[in-house]
S.K.: 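Here it is, the structure in full.
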Amino acid sequence: MQDGTPWPGNSVRDHPGMIQVFLGHSGVRDVEGNELPCLVYVSREKRQGFEHHKKAGAMNALIRVSAVLSNAPYLLNVDCDHYINNSKALREAMCFMMDPISGKKVCYVQFPQRFDGIDRHDRYSNRNVVFFDINMKGLDGIQGPIYVGTGCVFRRQALYGYDAPVTKKPPGKTCNCLPKWCCCLCCCSRKNKKTKQKKTVKKPKQREASKQIHALENIEEGISDSISQKSSEGSQMKLEKKFGQSPVFVTSTLLENGGGPRNAIPPSLLSEAIQVISCSYEDKTEWGKEVGWIYGSVTEDILTGFKMHCHGWRSVYCMSKQPAFKGSAPINLSDRLHQVLRWALGSVEIFLSRHCPIWYGYGGGMKWLERFSYINSVVYPWTSIPLLVYCTLPAICLLTGKFIVPEISNYAGVVFMALFVSIAVTGILEMQWGGVGIDDWWRNKQFWVIGGVSSHLFALFQGLLKVLAGVSTSFTVTSKAADDGEFSELYLFKWTSLLIPPTTLLIINIVGVVVGVSDAINNGYNSWGPLFGRLFFALWVIIHLFSLPQRFTRKTRPDANHYFGVVNPAGLYFDSYVGPDKPIRLERWSCIRNL
C-alpha cells in the first residue's frame, strides 16, 4: 500500500472484503465530453471454514454490491476470458428488454459464444456450432435459450427470484358484437334493475347514520394501522429472510425500474456494500437457493436459467451479424476434454439433486418442450454407457465371429435403414436451417463420440462418487491461451487419463477389422457376406474415432514471412498470422522493447 503496509488481498483465501471506487457519481467525463459510468473494484471477503461457491458466489456478491451502489435494472455478465467485440449489441439487448409488448417477461438476452485462436478446421469442435447455431435458435421459438454462463444481459428483478408478470387476459365479450337494438335493450334493462334496487333500499335516519359512520371510521383506522404495522413488519421479516439483513439492499429489491434509495450518502453506501459481501451475509437466507445464481453444481448457469424459466420468465437469443462477444478456447485436446468433463459433471450433479428438471418446477409456467431441453442438458452424460457399449460390440463381434443378434430379418433391416436415413436427413435439414457447414457438423459429431466415451463417462462416475459417497473432486480452470504463439500448443500432445477409453476403443476396432478380414480370406467366399454387416458397424466407429491420431501430431509454425508486427508505447510486441481465409488480428506475442 502507499503507507508501506501489505495489501490486504495478498492472501487469496483469507482477506477482508475490499471495494475501491475508481469512478463514482462525480460526473467524470472523457475527452469527448461524455459522462463516464461508474467503475468499482470489488473483492468479496474470504475466510477459512466458509463455503464461497466459486463463480456463483462471486456473481451473487456483485449483484448485491451493484444494487447498493447503483441499482441498475439490467446487468451484463461476461467471463474474464471474453471481451466485447460489438458495443452495439447491448443496444440490441435493450430492444428486447424494453419491448412494450413482451419485454416485461424477458429475464435475459443470451448471445452466442464466439472464439478466437481456433484453427481453420476446428479439430476440437470449440465453436460448437450445432449447439449455438441450431439448438439455441430452436429453443428461442419455445421459451428461450438456456443460460450458458457468459455473454448474457439480465433483468435484475428476474435474478431476485420473483415471478414473471402475468399477462393480462383479453377483455370479455361485450355487446358490441350484438345488434344495436339488442344492446339498447340490455342496457335499459340493466339501468331499470339498478334503479329498482336503489328505490327498495331503506334510508336510515341522518343522525344514526352519522354516528355509525363515525364509529366505523374510528374502528377501521385503528384496525388498518395495526394491520399495516403488522403486515409491514411481517413483509420486512420475509424480505430479510430472503435477501439478508441489509436494509438498503432489501429496499433496492422493491424498485422494479432500479435507482438507489434517496438521502443516502456515499460513506454509508460503502459500509453497506462491505456488509453485503461478507462471508456470513448469506447465512439463513435464500441466496443460492431461490435468489441469484443457484448453488449446488459446477455448472451454475444451467440451474440459474432453469429457475428463471420455472418462474414463468422467457429468454431471448440474439444473434447479431457481428459477434457481440469473443473469448478464448482450449488450446489442446487434453484441456478441451477436461472442459467437457467439468460441464458433464455439473449436469450429473443437477440430475441427482432436487433441482432436476424431471421432477422439479411443475406448475410454475415452464413449457413442456422447454422442460425437455433442460432434461436433455442433464441426461446426456448418462448416454456414455450405451455409447461405450455400442463402440465395443462391433469389435467383439469381429473377434468372436458372432453378430450382435443371431439373424436380421428383412423387416428389421428396412427399419434400421429407415432410422439411419431419417437421422441423416434431419441433420441435413438442421444444417441448412442453421447455416452450419458439413465440416463443422462432422467435427461436432466426431468430438461428441470422443467426449462421450471419455469425459462424459468419467463425469458420470465422479458425480456418483460425489453425490452418493461424498467424495468431492476438484477441477482445474481450463487453459485457454498460449503465451508463445497463436497455434503453438494447439497440436501439442498432453497425455491424460481421459484419452484411455477412446484410444482403447479405436485400437480394438482396428484389430477386429484386421482379424475379421483375415478370417474371411482363410474361410473362403461364403464368409464374406456375414462379414460386411460387422465391418459396417466397426468402420462407423473407427471413422468417428480416427481423428484422435490426427490430434496427436504437432503442426509446424507457418512461414515467418506471413507475420507482421506492431509495437505500442508500452513496449509490447504484437503479431498475427495472415492467411488467405483469415482476417488480420493482433495477438500478444512477447515483451520486446528493441526490434
Side-chain angles (χ1 to χ4, degrees), residues 59-60 63 66-67 71-78 88-112 132 135-172 238-239 242-243 252-259 286-287 289-294 300-320 324-325 355 357 360-377:
M59 296 301 297
N60 287 337
I63 293 177
S66 61
N71 197 31
Y74 308 104
L75 299 93
L76 170 63
N77 165 222
V78 182
K88 294 182 179 180
L90 300 179
R91 187 187 299 269
E92 297 183 17
M94 288 298 100
C95 290
F96 290 108
M97 289 287 192
M98 304 179 72
D99 184 87
I101 298 176
S102 59
K104 291 291 184 179
K105 296 195 70 173
V106 176
C107 56
Y108 61 82
V109 177
Q110 178 66 61
F111 291 87
F132 286 112
N135 297 348
M136 296 284 273
K137 287 175 65 177
L139 290 175
D140 194 34
I142 305 174
Q143 199 176 346
I146 64 176
Y147 168 47
V148 297
T150 182
C152 189
V153 178
F154 284 96
R155 184 184 300 274
R156 184 183 289 272
Q157 289 292 313
L159 287 169
Y160 289 157
Y162 291 126
D163 292 333
V166 181
T167 55
K168 295 181 179 179
K169 294 182 179 180
K238 290 181 180 179
L239 290 174
K242 182 177 182 179
F243 297 112
S252 69
T253 61
L254 302 176
L255 303 175
E256 183 179 354
N257 296 323
E286 295 186 4
W287 283 100
K289 302 173 185 176
E290 299 293 334
V291 180
W293 269 255
I294 308 301
E300 69 287 329
D301 46 4
I302 297 178
L303 272 179
T304 303
F306 174 65
K307 296 282 283 189
M308 292 183 188
H309 285 134
C310 286
H311 283 284
W313 297 92
R314 71 152 292 135
S315 54
V316 174
Y317 195 52
C318 182
M319 297 183 66
S320 53
F325 309 97
H355 290 116
Y360 182 85
Y362 287 93
M366 177 178 286
K367 297 182 179 180
W368 280 98
L369 290 178
E370 189 77 12
R371 183 175 296 276
F372 288 157
S373 70
Y374 276 106
I375 293 175
N376 178 63
S377 65

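Atoms considered below: every heavy atom in the structure, side chains included; atoms not considered: hydrogens, waters and symmetry mates. Start at 1 with the first residue, then count along the sequence.
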S.K.: State, to 0.1 Å, how close Tyr162 and Trp313 come at their nearest heavy-atom pair, and which atoms those are.
M.R.: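 Residues Tyr162 and Trp313, closest heavy atoms: O-NE1, 2.8 Å.
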S.K.: Going by atom types only, do Tyr147 and Lys307 share a side-chain donor-acceptor pair under 3.5 Å?
M.R.: no
S.K.: Are Asp99 and Lys105 ion-paired here, with the side-chain N under 4.0 Å from a carboxylate O?
M.R.: no
S.K.: Minimum heavy-atom separation for Pro145 and Met136, please, with both atom names.
M.R.: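 It is CB-CE, 3.5 Å.
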S.K.: Parallel under 30°, tilted from 30 to 60°, perpendicular over 60°: which one fits the rings of Phe372 and Trp368?
M.R.: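 Because their plane-to-plane angle lies in the 30° to 60° range, the rings of Phe372 and Trp368 count as tilted.
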S.K.: Rounded to the nearest 0.5 Å, what's the gap from NE2 on His355 to OG1 on Thr304? Could you check?
M.R.: 10.0 Å
S.K.: Could you tell me which residues satisfy ring pair (Phe, Tyr, Trp, His ring centres under 6.0 Å) with Phe111, sequence neighbours excluded, listed by chain and number?
M.R.: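 Scan of Phe111 (ring pair (Phe, Tyr, Trp, His ring centres under 6.0 Å), adjacent residues dropped) gives Phe325.
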S.K.: Whether the side chain of Ser320 engages the backbone of Ala89 through a donor-acceptor N/O pair (distance < 3.5 Å, no angle test) should be reported.
M.R.: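 No; judged by distance alone, with no hydrogens or angles, the pair does not exist.
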S.K.: As a quick check of understanding, evaluate ring pair (Phe, Tyr, Trp, His ring centres under 6.0 Å) for Tyr74 and Phe154, giving each step before the final call.
M.R.: CA-CA 6 Å; Tyr74 308 104; Phe154 284 96; over 10 Å; no
S.K.: Checking Trp287 now: which residues fulfil ring pair (Phe, Tyr, Trp, His ring centres under 6.0 Å) with it, not counting sequence neighbours?
M.R.: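 Applying ring pair (Phe, Tyr, Trp, His ring centres under 6.0 Å) to Trp287 gives Phe249.
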S.K.: Testing Gln143, His309, Gln110 one by one against Ser315 for a side-chain hydrogen bond (donor to acceptor under 3.5 Å, both in side chains), which residue passes?
M.R.: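 Between Ser315 and the candidates, side-chain hydrogen bond (donor to acceptor under 3.5 Å, both in side chains) is satisfied uniquely by His309.
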S.K.: Assess Arg371 against Tyr362: is NZ or CZ under 6.0 Å from the centre of the six-membered ring, and within 45 degrees of the ring's axis?
M.R.: yes
S.K.: Are Thr253 and Arg156 packed together at the side-chain level, in the sense that at least one heavy-atom pair is separated by less than 4.5 angstrom?
M.R.: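 Result no, sub-4.5 Å side-chain heavy-atom pair not found.
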S.K.: For the pair Lys242 and Glu290, find out whether any cationic side-chain nitrogen is under 4.0 Å from an anionic carboxylate oxygen.
M.R.: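 No, Lys242 and Glu290 are not salt-bridged.
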S.K.: Does Phe96 reach the side chain of Ser102, with side-chain heavy atoms less than 4.5 Å apart?
M.R.: no
S.K.: More than 12 foreign heavy atoms under 6.0 Å from CE of Met94: is that the case here?
M.R.: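 Yes - once you tally the heavy atoms of other residues, nucleotides and ligands closer than 6.0 Å, there are more than 12.
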